[in-house]
Peer 1: 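Sharing a structure here in structure tokens format.
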2 protein chains.
Amino acid sequence: MPHNLNKIFKSIADPTRREIFHLLVLASSALSITQISQHFEISRQGITKHIRMLRDAGLIDMTEKGREHFCLANVKPLKAIQDWVQLYERFWDNKLKSLGDHLDQKNK
Amino acid sequence: MPHNLNKIFKSIADPTRREIFHLLVLASSALSITQISQHFEISRQGITKHIRMLRDAGLIDMTEKGREHFCLANVKPLKAIQDWVQLYERFWDNKLKSLGDHLDQKNK
DNA sequence: ATTTTATGCAACCAAATAGTTGCATTTAAA
DNA sequence: TTTAAATGCAACTATTTGGTTGCATAAAAT
């Protein structure tokens, strides 16, 4: 179990956390908590809480340097979300075959 | 805006709702609220609330027949989730190119 | 015609969430 | 060495969430 699936779902369910994550991916380098919070109107402590949830879901890697705590986006846990979605992708156009059959196939 | 992205994220963030959705996809036919709730230990009213959230996110289509309310899974809104995830997919292996460049490209 | 079934509505509850502020501590800068 | 910056910790609050129960109503079955 790499990172709890539910934590990942919960993490990305909040728009502010998605924004933080997006900001970090865009930055493609580590940003400190203060730097991140400057992009938002909510308090630093509010941002810290969001960052911790993202970290606990594995979506942010953290390193400390002196008094600063740096955050780096880690997209890998999103793979679990994509896997979940892809289970249903086959139905986007139309029912080709029941998902039940599909799962039976995988268990053979 | 087909269906509010945040509602979709919030809907699938709850494990019970994911189970309900999965059940409906597996069924590949409409199930009544009572039928659905029989698969769970929580009360019918609890299930009803979850079903409404899924419906409001577009993940369940509902039809009434007599006194029964039937639910059918609709996977289309999941496309929005996949689109969101795919924005970051390119980073799963490694940074090929920054997301910023990628977005610039799309806006040309 | 009576009873049972399927449901909605409303009130209620506990826990989680998203946010705040104040204060202490460590590190860096003047 | 004093001051400023970056952070954590703790307490507090309001709102949302996930769940419950009781009661009313409409439709179906007996």
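Throughout, a chain's letter reflects where its sequence line sits, starting with A, and its residues are numbered from 1.
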Peer 1: Side-chain contact test, heavy atoms from C-beta onward, threshold under 4.5 Å: evaluate it for A:His69 versus A:Ile51 and give yes or no.
Peer 2: no
Peer 1: Kindly say if B:His50 contacts the phosphate of D:dT17, meaning a side-chain N or O under 4.0 Å from OP1 or OP2.
Peer 2: no
Peer 1: Think B:His69 has a side-chain N or O under 4.0 angstrom from the OP1 or OP2 of C:dG8?
Peer 2: yes
Peer 1: Starting the side chain at C-beta, find the nucleotide from D:dG19, C:dA18, C:dA6 nearest to B:Thr34.
Peer 2: C:dA6
Peer 1: Roughly how many Å is it from CZ in A:Arg17 to P in C:dT17, rounded to a whole number?
Peer 2: 8 Å
Peer 1: Expressed as a whole number of angstroms, how long is the span from B:Glu41:CD to D:dG19:P?
Peer 2: 12 Å
Peer 1: By nearest nucleotide on DNA chain C, pick out whichever of B:Thr48 and A:Met53 is the more 5' one.
Peer 2: B:Thr48
Peer 1: For B:Ile47 and C:dT7, what is the distance between atoms CD1 and P respectively, to the nearest whole Å?
Peer 2: 12 Å
Peer 1: Quick one: which of C:dG19, D:dA4, D:dG18 gets closest to the side chain of A:Ile42?
Peer 2: C:dG19
Peer 1: Choosing from C:dA6, C:dT27, D:dG8, which nucleotide comes nearest the side chain of B:Arg67?
Peer 2: C:dA6
Peer 1: Rounded to whole angstroms, how far apart are CZ on A:Arg44 and C1' on C:dA18?
Peer 2: 16 Å
Peer 1: Within the structure, does a side-chain N or O atom of B:Arg52 lie under 4.0 Å from either OP1 or OP2 of C:dC9?
Peer 2: yes
Peer 1: Taking only side-chain N and O atoms of A:Ser43, does any of them lie within less than 4.0 angstrom of OP1 or OP2 on C:dT20?
Peer 2: yes
Peer 1: In terms of side-chain heavy atoms of A:Gln45, which of C:dA6, C:dT21, D:dT7 is nearest?
Peer 2: C:dT21
Peer 1: Classify the ring geometry of B:Phe9 against B:Trp84: parallel below 30°, tilted from 30° to 60°, perpendicular beyond 60°.
Peer 2: perpendicular
Peer 1: Quickly work out the A:Arg55 CZ to D:dG8 C1' distance and round it to whole Å.
Peer 2: 11 Å
Peer 1: Is any NZ, NE, NH1 or NH2 atom of the basic residue among A:Asp83 and A:Lys79 found under 4.0 Å from an Asp or Glu carboxylate oxygen of the other?
Peer 2: yes
Peer 1: Let me know, please, whether A:Lys65 or A:Asp14 comes out on the 5' side of the other along DNA chain C by nearest nucleotide.
Peer 2: A:Asp14
Peer 1: Starting at atom CZ of A:Phe40, determine the distance to atom C1' of C:dT20, rounded to an integer number of angstrom.
Peer 2: 18 Å
Peer 1: Taking side chain as C-beta onward, heavy atoms only, is A:Leu24 less than 4.5 Å from A:Leu54?
Peer 2: no
Peer 1: From CD of B:Glu68 over to P of C:dT7, roughly how many Å is that when rounded to an integer?
Peer 2: 6 Å
Peer 1: Looking at every strand, decide which applies to B:Gly46 at a 4.0 Å heavy-atom threshold: base, sugar-phosphate, or nothing.
Peer 2: base
Peer 1: With the side chain counted from C-beta on, respond yes when A:Glu68 and A:Thr34 share a heavy-atom pair under 4.5 Å apart, and no when they do not.
Peer 2: no
Peer 1: Can you tell me the distance, in whole Å, between the CD atom of A:Gln35 and the P atom of D:dA6?
Peer 2: 9 Å
